[in-house]
Amino acid sequence: MSQEIRRNMALFPIGIVMKLTDLTARQIRYYEEQGLIKPARNKGNQRIFSLNDIDRLLEIKALIDQGVNIAGIKAIYENKKAPEANIVPAENENKNKKRDLTDKEVHDLLKRELLHGLSKEKVSLIQGELTRFFRN
DNA sequence: CTTCTCACA
DNA sequence: TGTGAGAA
(Lines give C-alpha, C1' and ligand atoms only; values in the text may rest on other atoms or scores of the structure.)
Protein backbone atom coordinates (compact mmCIF):
# COMPACT_ATOMS: atom_id res chain seq x y z
CA MET A 1 0.00 0.00 0.00
CA SER A 2 1.20 3.51 -0.74
CA GLN A 3 0.91 4.35 2.92
CA GLU A 4 3.92 2.13 3.55
CA ILE A 5 5.94 3.78 0.83
CA ARG A 6 5.31 7.18 2.26
CA ARG A 7 6.67 6.31 5.67
CA ASN A 8 9.98 5.29 4.19
CA MET A 9 10.22 8.16 1.78
CA ALA A 10 13.31 10.18 2.67
CA LEU A 11 12.48 13.85 2.91
CA PHE A 12 14.36 15.59 5.72
CA PRO A 13 17.92 16.91 5.85
CA ILE A 14 19.87 16.43 9.07
CA GLY A 15 19.23 20.00 10.22
CA ILE A 16 15.51 19.40 10.46
CA VAL A 17 16.02 16.04 12.12
CA MET A 18 18.25 17.66 14.73
CA LYS A 19 15.48 20.05 15.72
CA LEU A 20 12.87 17.34 15.59
CA THR A 21 14.77 14.90 17.80
CA ASP A 22 16.94 17.21 19.92
CA LEU A 23 19.95 15.13 18.94
CA THR A 24 23.23 16.57 17.66
CA ALA A 25 24.38 15.94 14.09
CA ARG A 26 27.26 14.01 15.64
CA GLN A 27 24.89 11.69 17.46
CA ILE A 28 22.65 11.15 14.47
CA ARG A 29 25.62 10.28 12.26
CA TYR A 30 27.00 8.02 14.94
CA TYR A 31 23.76 6.08 15.23
CA GLU A 32 23.79 5.60 11.49
CA GLU A 33 27.37 4.36 11.74
CA GLN A 34 26.16 1.86 14.30
CA GLY A 35 23.52 0.62 11.90
CA LEU A 36 20.61 1.88 13.96
CA ILE A 37 19.17 3.93 11.11
CA LYS A 38 19.60 3.83 7.33
CA PRO A 39 19.06 7.31 5.95
CA ALA A 40 19.25 7.63 2.17
CA ARG A 41 21.55 10.08 0.40
CA ASN A 42 20.78 12.68 -2.20
CA LYS A 43 23.03 13.49 -5.13
CA GLY A 44 25.14 15.77 -2.98
CA ASN A 45 25.83 12.89 -0.58
CA GLN A 46 23.73 14.53 2.06
CA ARG A 47 21.64 12.32 4.31
CA ILE A 48 17.90 12.52 3.84
CA PHE A 49 15.76 10.98 6.55
CA SER A 50 12.32 9.42 6.48
CA LEU A 51 9.52 9.46 9.01
CA ASN A 52 10.66 6.00 10.08
CA ASP A 53 14.15 7.29 10.78
CA ILE A 54 12.78 10.06 12.95
CA ASP A 55 10.60 7.65 14.87
CA ARG A 56 13.53 5.35 15.45
CA LEU A 57 15.78 8.24 16.48
CA LEU A 58 13.16 9.28 19.00
CA GLU A 59 13.05 5.72 20.33
CA ILE A 60 16.83 5.57 20.56
CA LYS A 61 16.87 8.86 22.44
CA ALA A 62 14.30 7.52 24.88
CA LEU A 63 16.29 4.33 25.41
CA ILE A 64 19.48 6.26 26.07
CA ASP A 65 17.67 8.48 28.54
CA GLN A 66 16.63 5.26 30.24
CA GLY A 67 20.25 4.25 30.57
CA VAL A 68 20.47 1.79 27.68
CA ASN A 69 23.81 1.89 25.85
CA ILE A 70 24.35 1.56 22.09
CA ALA A 71 25.10 -2.14 22.38
CA GLY A 72 21.84 -2.65 24.20
CA ILE A 73 19.89 -0.69 21.65
CA LYS A 74 21.52 -2.62 18.84
CA ALA A 75 20.51 -5.87 20.47
CA ILE A 76 16.95 -4.68 20.78
CA TYR A 77 16.67 -3.86 17.09
CA GLU A 78 18.65 -6.84 15.89
CA ASN A 79 16.23 -9.16 17.60
CA LYS A 80 13.44 -7.44 15.78
CA LYS A 81 14.00 -6.24 12.28
CA ALA A 82 16.74 -4.35 10.52
CA PRO A 83 15.79 -0.83 9.48
CA GLU A 84 14.42 -0.82 5.98
CA ALA A 85 16.34 1.20 3.45
CA ASN A 86 14.79 4.54 2.68
CA ILE A 87 13.14 5.30 -0.59
CA VAL A 88 14.89 8.10 -2.37
CA PRO A 89 12.42 10.47 -3.97
CA ALA A 90 13.40 10.88 -7.60
CA GLU A 91 14.58 14.36 -8.47
CA ASN A 92 12.71 14.84 -11.73
CA GLU A 93 10.11 12.16 -11.41
CA ASN A 94 8.94 14.07 -8.38
CA LYS A 95 7.36 16.90 -10.34
CA ASN A 96 4.91 14.60 -12.07
CA LYS A 97 3.96 12.81 -8.92
CA LYS A 98 3.97 15.72 -6.51
CA ARG A 99 0.23 15.71 -6.13
CA ASP A 100 0.20 12.02 -5.32
CA LEU A 101 0.07 13.14 -1.71
CA THR A 102 -2.34 15.94 -0.99
CA ASP A 103 -1.76 18.41 1.81
CA LYS A 104 -4.71 16.98 3.67
CA GLU A 105 -3.33 13.47 3.38
CA VAL A 106 0.03 14.65 4.69
CA HIS A 107 -1.69 16.35 7.57
CA ASP A 108 -3.74 13.28 8.43
CA LEU A 109 -0.76 10.99 8.02
CA LEU A 110 1.35 13.02 10.41
CA LYS A 111 -1.43 13.47 12.89
CA ARG A 112 -1.96 9.74 12.97
CA GLU A 113 1.63 8.55 13.03
CA LEU A 114 4.06 11.16 14.26
CA LEU A 115 2.43 13.79 16.34
CA HIS A 116 2.34 11.77 19.53
CA GLY A 117 4.42 13.65 22.04
CA LEU A 118 5.79 16.24 19.67
CA SER A 119 5.44 19.95 20.21
CA LYS A 120 3.51 22.25 17.91
CA GLU A 121 6.80 23.73 16.74
CA LYS A 122 8.14 20.37 15.65
CA VAL A 123 4.91 19.44 13.94
CA SER A 124 5.11 22.71 12.04
CA LEU A 125 8.67 21.94 11.03
CA ILE A 126 7.63 18.61 9.59
CA GLN A 127 4.65 20.04 7.78
CA GLY A 128 6.74 22.89 6.44
CA GLU A 129 9.29 20.48 5.03
CA LEU A 130 6.63 18.34 3.42
CA THR A 131 4.89 21.35 1.98
CA ARG A 132 8.16 22.57 0.49
CA PHE A 133 8.86 19.14 -0.92
CA PHE A 134 5.53 18.72 -2.63
CA ARG A 135 5.47 22.28 -3.88
CA ASN A 136 8.53 21.85 -6.10
C1' DC B 1 24.58 29.10 4.88
C1' DT B 2 24.29 23.76 5.49
C1' DT B 3 26.21 19.26 5.47
C1' DC B 4 29.99 15.89 4.77
C1' DT B 5 34.27 13.34 6.30
C1' DC B 6 38.10 12.81 9.12
C1' DA B 7 41.12 13.54 12.80
C1' DC B 8 42.38 14.54 17.72
C1' DA B 9 45.68 18.29 22.84
C1' DT C 1 30.76 12.72 22.22
C1' DG C 2 32.66 17.36 21.06
C1' DT C 3 35.03 20.26 17.89
C1' DG C 4 37.38 22.24 14.13
C1' DA C 5 39.42 21.96 9.40
C1' DG C 6 38.65 21.81 4.48
C1' DA C 7 35.60 20.71 0.71
C1' DA C 8 31.22 20.63 -1.83
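Residue numbers start from 1 in every chain, and the chains themselves are labelled A, B, ... in the order their sequence lines are given, proteins ahead of strands. Just so it is clear, the model here is predicted, and its values are computed rather than measured.
Using a 4.0 Å cutoff on non-hydrogen atoms, the parts of residues 22-31 of chain A near DNA chain C are A/Thr24, A/Arg26, A/Gln27, A/Tyr31, ordered by number.
The backbone N or O of A/Leu36 lies less than 3.5 Å from a partner atom in the side chain of A/Arg56, making a donor-acceptor pair.
Under the salt bridge (charged side-chain N to carboxylate O under 4.0 Å, His left out) criterion, A/Lys19 pairs with no residue at all, not counting sequence neighbours. With sequence neighbours excluded, the residues satisfying side-chain hydrogen bond (donor to acceptor under 3.5 Å, both in side chains) with A/Thr24 are A/Gln27.
Counting heavy atoms from C-beta on, the side chains of A/Ile14 and A/Gln46 never come closer than 4.5 Å.
Here the rule is side chain to side chain contact (heavy atoms under 4.5 Å, CB included) with A/Ile48, and of A/Asn42, A/Val17, A/Leu11 only A/Asn42 fits it.
Note that the CG atom of A/Asp53 and the CZ atom of A/Phe12 stand 9.5 Å from one another [nearest 0.5 Å]. Between A/Ile76 atom CD1 and A/Ile60 atom CD1 the span is 10.0 Å, to the nearest 0.5 Å. Here the CD1-CG distance, from A/Ile28 to A/Leu57, works out to 5.5 Å after rounding to the nearest 0.5 Å. The structure places CZ of A/Phe49 at 10.0 Å from CE of A/Met18, a figure rounded to the nearest 0.5 Å. Residue A/Tyr77 holds its OH atom at 10.0 Å from CD1 of A/Ile37, rounded to the nearest 0.5 Å.
In summary, contact between chain A and DNA chain B, defined as any nucleotide atom under 4.0 Å from a heavy atom of the protein, begins and ends at B/dT3 to B/dT5 in the 5' to 3' direction. In summary, contact between chain A and DNA chain C, defined as any nucleotide atom under 4.0 Å from a heavy atom of the protein, begins and ends at C/dT1 to C/dT3 in the 5' to 3' direction.
Salt bridge annotation for A/Glu32-A/Lys38: absent, with no cationic side-chain nitrogen under 4.0 angstrom from a carboxylate oxygen.
Residue contacts shown for A/Gly15 are limited to sugar-phosphate atoms, with no base heavy atom under 4.0 Å away.
Scanning DNA chain B for stems, defined as runs of 3 or more consecutive Watson-Crick or G-U wobble pairs whose donor-acceptor distances all fall under 3.5 Å, gives the following ranges: B:2-8 with C:2-8.
Contact between A/Leu58 and A/Leu20 at its shortest, heavy atoms only, is CD1-O, 4.1 Å.
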